[in-house]
Amino acid sequence: MVDGAALAAAFGFLFHSLEAWIVVPIGLLIGLLFGTLPGLSVTIAMAIFLPFSLLMDFTSAILFLTAIFTGGGFGGAVPAILVNVPGTPSAVATTFDGYPMAKAGRHNEALGIALVASSVGVALSYIVLLVLIEPVAKFVLRLGPPELFFIAAWGILLIAALSQDAFLKGVISGLIGILVGTIGMTANGTVRGTFGSMYLLDGFPSTPVVIGLFAASELFLLVKSQYIIQDKALRKVSLGDIFSGFMAGFRYMGVILRGSAIGTLIGIVPGIGSAISNLVSYAYTRSRDPDKESYGRGNPKGVVAAESANSSSEGGSMVTLLALGLPGGGNTAVMLGAFAMHNVVPGTRFIADHKDVVYAIVLGNFAQAVLLILIGLPFLRLAVSVIKVPLKFLLPTILILTVLGSYALVGNMMGPITLTGAAILGAILKKYNYSVVAMVIGVLLGSMMEGELVRSWQMGGRDLMILFQRPLSLTFFIGIVATITWSFGSEPLKRMFRNWRQRGSARAD
Amino acid sequence: MKLSGVRFEGPWGHCVLLIAFMTFTVWYALDSGHASKGIRDVLLIGPVAVLALILCAGIFFKEAIQLRVRIVRQRTHEKKTAVDFQQEYGVATAMILMAVYVALMPLIGFDTATFLFCLTLLVIQGSRKIWVLITFPAIITFLSILSMEEVLSVPTPTLIMGKFFG
């Protein structure tokens, strides 16, 4: 499956000049910075620096942009862990256990663990790219509108199932999120729910919604505290502790491998992306662990599952971009722009004719995974210092950054307005135990779900039975039914099983 | 001080939230139905809205039977200290403050609104030194607007700082 000659040529590509080795560390730093600042996004960073890629050769340009992607994928974990604000939408699940670890004074350990999970996740996803790009591309082509619709619906239900004792509330959150996600103009020009405003024709901007909903209750709650970590003795910054956390992360290789597999698979599916993969990986890891109660309270495996998945989805999305020419989300759409600027058309022809370039991109990204560690560790040493800053200075700074960042992202007041509305809504949802995550997924996927459902209906000759007639979509539908059954029925089933065993033991006595 | 009053007991807030969800769902479904040019525009919205309404109504009726209204004969007032205000009303105040900040941004300029927002949050969180209350918001405002204009090249409506940008 790996072409030896092309691989040898790829090494030649990478080492014939120093250009790639200069731009990659710069890209990683840019990504780390933009990922760390809530309100800004990796997509903004890639879009801002895209014109610079014209000055580079094609391989260096792609490596520069993927370096930003990689840096940002990890950078979002830093505020997620330290202040419970995901720097990027793909770091949402990192907050679940990362922030409790930080509050307990284990911030150095959490960041070190996140770094190893991210680095290994990136490396593993590019192994998949190297070995399996062609068979995976063929599998992706089999995913049609019915499959994509059910994958999105299943993702929302899995997230709702995370809050076992409030499953129905989680479903309501997801459904409301789907409705909000469909606000705007449809493909055939119908305008829905815009209040007559032209700024809502594209719907609510997704990044301010995500940052607003998640930043909400914790940022506002921080008004009541003096420091992120109340105990002064625990507020230490130590490169040694970060490194120890990094080494400790290798103890969770099983979780890293699983998270990387989930992230890569989900990253391959166009339109879903890393914002979903980290949540699915977290939900799956928690469901498999006998100690479920520890999740959400500072279990390192939660951080590992989230970070390995969000980083590995990069490699997965590159499979779809290179093999099919389909951008999986905003980041790969920017990379498609880089392809266009260099007069390169991705797709099966590109892979067949330029396998050496594909391999050079893969090998370059392996190197990025190592460089992320070398650059990330000192970066973390600086970033962790934020826990020593009193919240009276930190809180206004973060809030202002998120508001202005959302303005920069959207280009008009819709960004800050959406952010503020989502922040207040998020605080209310958390107060009444509604799943903010399910609502976010609904908002992110609502428009996509509608598009896939309409296409399925058209494919089926204006009949939706096609959803249940294809083997893959039927499989996903069975998964949905199983998730609902398990969420409602797991406790009664367990009780029935326990009673049956007790009756059996009593009869034996 | 003795006052007559009314006390609301039970999940009133939750019921209000459910009513808000149901109101939004009905409004959006009707708006979509009115605007739609065919079934494809409501293919997903219709079933999602119906399911959301059923679930919301189910939870609402379960919660509503716990609602109570009591007449309270007398109340005493306690004097609130600054710390009490931060603990009891800090969260709600921060939320309102953020909404006011965003509302004022296009009216009085991003720089002025940012400065005032930062200053007010510092006061709520207990900061009282004048030099801190002036210097820190000024630095944050300057750096953030500068980054927007020069680094991100995003034109930012300002009242005072605009004179420094081309």
Side-chain angles (χ1 to χ4, degrees), chain A residues 40 44 48 149 168-169 171-172 175-176 178-180 182-183 186 188-193 216-217 219-224 226 390-393 395-397 399-401 403-405 407-408 411 413 416-417 419-421 423-424 427-429 431-432 434 446 449-450 453-454 457-458 462 464, chain B residues 11 13-14 17-18 21 24-25 27-29 31-32 35-41 43-45 48-49 51-52 55-56 58-59 86-87 90-95 98-99 101-103 105-106 110 114 117-119 121-122 124-127 136-137 140-141 144-145 147-148 151-154 156:
Chain A
L40 298 181
I44 284 186
I48 289 171
F149 173 75
L168 284 181
K169 287 182 178 178
V171 173
I172 289 174
L175 293 172
I176 299 293
I178 289 172
L179 293 177
V180 171
T182 55
I183 286 174
T186 65
N188 61 335
T190 305
V191 176
R192 301 173 304 199
S217 62
L219 276 183
F220 293 139
L221 279 177
L222 287 176
V223 167
K224 298 202 273 190
Q226 305 301 317
L391 279 168
K392 63 182 174 187
F393 298 125
L395 190 59
T397 310
L399 283 172
I400 288 165
L401 276 178
V403 170
L404 293 180
Y407 179 82
M413 284 302 297
I417 292 170
L419 177 87
T420 306
I424 294 170
I428 296 171
L429 288 177
K431 182 177 163 69
Y432 296 109
Y434 280 81
M449 281 178 75
E450 183 178 46
L453 187 65
V454 168
W457 177 67
Q458 288 169 333
R462 294 171 174 252
L464 284 173
Chain B
H14 189 195
L17 178 65
L18 286 164
F21 280 159
F24 165 74
T25 303
W27 164 77
Y28 186 55
D31 185 70
S32 302
S36 75
K37 298 183 177 74
I39 194 172
R40 56 183 288 170
D41 293 329
L43 196 61
L44 179 69
I45 290 173
V48 166
L51 186 57
L55 291 176
C56 284
I59 296 181
Q86 184 181 351
Q87 294 301 314
V91 174
T93 309
M95 285 162 60
M98 189 160 163
Y101 168 43
V102 168
M105 276 164 80
F110 282 35
T114 301
F117 174 70
C118 191
L119 170 69
L121 260 187
L122 280 172
I124 289 170
Q125 291 183 273
S127 191
F136 182 74
I140 291 296
T141 302
S144 50
I145 302 296
S147 305
M148 293 279 283
V151 176
L152 299 178
S153 300
V154 173
T156 313

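Within every chain, numbering begins at 1; the chains are lettered A, B, ... in the order of the sequence lines, protein sequences first and strands thereafter. In what follows, every heavy atom counts, from backbone to side chain, and hydrogens, waters and symmetry copies are set aside.
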A side-chain contact here means heavy atoms from C-beta on lying under 4.5 Å apart; do [X] and [Y] qualify?
| X | Y | result |
| --- | --- | --- |
| A:L464 | B:L43 | yes |
| A:P396 | B:Q125 | yes |
| A:V403 | B:M105 | yes |

In Å, rounded to the nearest 0.5 Å, how long is the span from [atom1] of [X] to [atom2] of [Y]?
| X | Y | atom1 | atom2 | result |
| --- | --- | --- | --- | --- |
| A:L404 | B:S147 | CG | OG | 9.0 Å |
| B:C56 | A:L175 | SG | CG | 8.5 Å |
| B:L121 | A:L399 | CG | CG | 6.5 Å |
| B:R40 | A:L453 | CZ | CG | 11.0 Å |
| A:I428 | B:H14 | CD1 | NE2 | 12.0 Å |
| A:I400 | B:Y101 | CD1 | OH | 5.0 Å |

Is there a donor-acceptor pair under 3.5 Å between the side chain of A:Y432 and the backbone N or O of B:L18?
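Looks like no, no N/O pair under 3.5 Å.
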Under 3.5 Å, side chain of B:D31 to main-chain N/O of A:R192, donor-acceptor pair present?
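It does not hold such a pair.
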Can you tell which part of [X] gets under 4.5 Å to a heavy atom of chain B, answering side chain, backbone, both or neither?
| X | value |
| --- | --- |
| A:I178 | side chain |
| A:V191 | backbone |
| A:F393 | both |
| A:T186 | side chain |

Assert top hit (heavy-atom pairs under 4.5 Å, partner chain A, pool B:V102, B:T25, B:D41) equals B:D41
Of all heavy-atom pairs between [X] and [Y], which one has the smallest distance, and what is that distance?
| X | Y | answer |
| --- | --- | --- |
| A:L179 | B:Y28 | O-CE2, 3.3 Å |
| B:A94 | A:V223 | CB-CG2, 3.7 Å |
| B:V154 | A:A408 | CG2-CB, 3.9 Å |

Given heavy-atom pairs under 4.5 angstrom as the criterion, report whether the side chain, backbone, both or neither of [X] touches chain A.
| X | answer |
| --- | --- |
| B:I59 | side chain |
| B:L17 | side chain |
| B:M148 | side chain |
| B:F21 | both |

Which is it for A:W457 and B:I39 under the side-chain contact (heavy atoms from CB on, under 4.5 Å) test, yes or no, and what are the steps along the way?
CA-CA 10 Å; A:W457 177 67; B:I39 194 172; 3.2 Å; yes
Sequence neighbours excluded, which residues qualify as ring pair (Phe, Tyr, Trp, His ring centres under 6.0 Å) partners of A:Y407?
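Checked A:Y407 against ring pair (Phe, Tyr, Trp, His ring centres under 6.0 Å); matches are B:F110.
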Quick one: list whatever passes side-chain contact (heavy atoms from CB on, under 4.5 Å) with B:P106, sequence neighbours left out.
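Listed in chain order: A:M413.
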Go through the steps to decide whether A:L419 and B:M98 satisfy the test side-chain contact (heavy atoms from CB on, under 4.5 Å), and finish with yes or no.
CA-CA 10 Å; A:L419 177 87; B:M98 189 160 163; 3.7 Å; yes
Give the C-alpha distance, both sets of side-chain angles, the deciding distance and a yes or no for side-chain contact (heavy atoms from CB on, under 4.5 Å) between B:F136 and A:T397.
CA-CA 10 Å; B:F136 182 74; A:T397 310; 3.5 Å; yes
Heavy-atom pairs under 4.5 Å with chain B: which of A:E450, A:R462, A:K224, A:Q226 has the most?
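Among A:E450, A:R462, A:K224, A:Q226, the one with the most close pairs to chain B is A:K224.
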Top contributor to chain B interface from A:Q458, A:K431, A:K392 [non-hydrogen pairs under 4.5 Å]
A:K392
